[in-house]
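To start, the structure itself, in structure tokens.
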Amino acid sequence: MRVRILGSAAGGGLPQWNCRCANCKAVRAGSPHVQPRTQSSVAVSADSRVWFLLNVSADVRQQLLAFAELWPPQPNRRGTTIGGCVLTDAEIDHTSGLLQLREGCRFGVFSTALVHRWLNRYFPIGTILADFADRPWTELTLNEALELPLPTGHPSGLRVRAFETGQDAPRFVPDDNADLTGSVIGLEITDSVTGGKLVYAPGVATISDTLRDAARGASCILLDGTFWTDDEPVQMEISSRSATEMGHVPVDGPNGTLEWLGGLPTRHRVYVHINNTNPMLNDRGPQRRRVNDKGVHVGADGDEFEV
Ligand code: MLT
Ligand code: MN
Ligand code: ZN
């Protein structure tokens, strides 16, 4: 299976339209040490012909333009190599790109039942899209493997299993004390032929046993690298909530993801969904050195891995 990072930044991208943090300023100034990044999305393919998007960001148009294998294939006038889209939550940065892909072609959308409900009720892109294009929706059951079908119904050669990585409702969902099971998931994607396994988890609230189990045997892990420290959102005046309270375990610290990732035998250990304020985005900074010294990679747009 091929795994391609379409967008490595968290919501807002880098630079973010209204931000003058050190990283955003550096990109605008043309610094060679901080690369621009589009918003969170990955593409996977078993056969290099049909690709599944894992999350669909508002930058999807730019991301498809930048990757020729997602251009309309020969020989028809209209067509796509997108075989389906799998969502890990209902957040705007992971779902609003579906509205950009509304001009026809048939492919499926996959999410948990809760995310499907929220995307019909509170941010109703599911219902809106139905008036534009054929987007059959399949609900993923937690911890149950599903053979991802192509739009034709034939097997894609990829199996997906959703597992819980947090419980957090987007801000547009009213606080109704409903059960949040299925609100934030990670994806375990396995190549049916080679057995190669990818774990994609852009929103991780805690390093749970569920996540540890999923990581076992994976040759590539794309993990939540949103914030460096727990108080970064407060320090940077992004939020009054800490990283953990926002559903993102920080990279640094004794309970951070770097300590865990650094000890794993996984071939490719990669941060994605990186917020523009995160100091590890500067490739000359001490934080980047700490990440690299652990054998972990700060994901960039266009990075590709063979799994
Ligand atoms: C998140 O990753 O926590 C969300 O995308 C943040 C948001 O946009 O509200
Ligand atoms: Mn996000
Ligand atoms: Zn910024």
Side-chain angles (χ1 to χ4, degrees), residues 5-31 33-42 53-60 63 86-98 111 114-115 118-119 122-123 125 164-175 180 183-187 200-206 222-251 257 271-282 285 287 298-299 301:
I5 298 180
L6 300 180
S8 53
L14 173 60
Q16 179 173 312
W17 67 282
N18 62 347
C19 188
R20 292 182 68 254
C21 75
N23 289 330
C24 288
K25 280 201 292 190
V27 173
R28 287 193 195 96
S31 163
H33 302 301
V34 185
Q35 301 308 312
R37 284 171 157 80
T38 62
Q39 299 174 87
S40 183
S41 181
V42 167
L53 305 189
L54 313 182
N55 293 318
V56 194
S57 94
D59 297 326
V60 66
Q63 293 167 346
V86 190
L87 309 175
T88 62
D89 56 43
E91 296 286 355
I92 290 171
D93 59 348
H94 280 157
T95 60
S96 61
L98 282 169
S111 79
L114 181 64
V115 164
W118 285 345
L119 293 179
Y122 303 121
F123 179 37
I125 61 176
E164 187 166 73
T165 56
Q167 293 207 350
D168 192 30
R171 279 179 268 181
F172 58 76
V173 172
D175 192 3
L180 292 176
S183 51
V184 187
I185 59 169
L187 303 172
Y200 172 58
V204 172
T206 54
L222 305 180
L223 196 76
D224 183 342
T226 312
F227 297 113
W228 181 258
T229 55
D230 202 32
D231 67 350
E232 184 178 320
V234 178
Q235 291 295 324
M236 293 290 180
E237 299 167 4
I238 296 168
S239 171
S240 55
R241 297 189 299 165
S242 69
T244 312
E245 286 165 349
M246 291 176 75
H248 299 290
V249 57
V251 171
T257 52
Y271 281 121
V272 292
H273 192 278
I274 308 162
N275 198 61
N276 53 73
T277 53
N278 190 323
M280 73 181 178
L281 288 171
N282 187 319
Q287 294 87 357
V298 173
D301 296 15

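Indexing begins at 1, ligand by ligand and atom by atom, following the structure's order.
No hydrogens or angles considered: a donor-acceptor pair under 3.5 Å links the side chains of Asp89 and His94. Between the side chains of Asp224 and His273, no donor-acceptor pair is found at a separation under 3.5 Å. Defined by atom type and a distance below 3.5 Å, a donor-acceptor pair is missing between the side-chain atoms of Ser183 and Gln167. In this structure, a donor-acceptor pair under 3.5 Å is absent between the side chains of Asp93 and Ser40. Side-chain contact, Ser41 with Asn55: no donor N or O sits under 3.5 Å from an acceptor N or O. Looking only at atom types and distance, the side chain of Tyr271 has no donor-acceptor partner in the side chain of Asn278 under 3.5 Å away.
Of all the N, O or S atoms in Asp93, the one closest to the Mn ion (ligand 2) is OD2.
Taking the six-membered ring for Trp and the full ring otherwise, the centers of Phe123 and Phe172 sit less than 6.0 Å from each other.
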Can you list every pair where an N/O of ligand 1 is under 3.5 Å from an N/O on the protein?
{"from": "ligand 1", "atom 1": "2 (O)", "to": "His248", "atom 2": "NE2", "distance (Å)": "3.0"}
{"from": "ligand 1", "atom 1": "2 (O)", "to": "His273", "atom 2": "NE2", "distance (Å)": "3.1"}
{"from": "ligand 1", "atom 1": "3 (O)", "to": "His248", "atom 2": "NE2", "distance (Å)": "2.8"}
{"from": "ligand 1", "atom 1": "5 (O)", "to": "Asp93", "atom 2": "OD1", "distance (Å)": "3.1"}
{"from": "ligand 1", "atom 1": "5 (O)", "to": "Asp93", "atom 2": "OD2", "distance (Å)": "3.2"}
{"from": "ligand 1", "atom 1": "9 (O)", "to": "Arg171", "atom 2": "NH2", "distance (Å)": "2.9"}

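Judged by distance alone, the side chain of Thr38 and the main-chain N or O of Leu6 form a donor-acceptor pair under 3.5 Å.
The tally of protein N/O/S atoms under 2.8 Å from the Zn ion (ligand 3) stands at 4.
Shown here for Asn23 and Asn276, the closest heavy-atom pair between the two residues is ND2-O, 2.8 Å.
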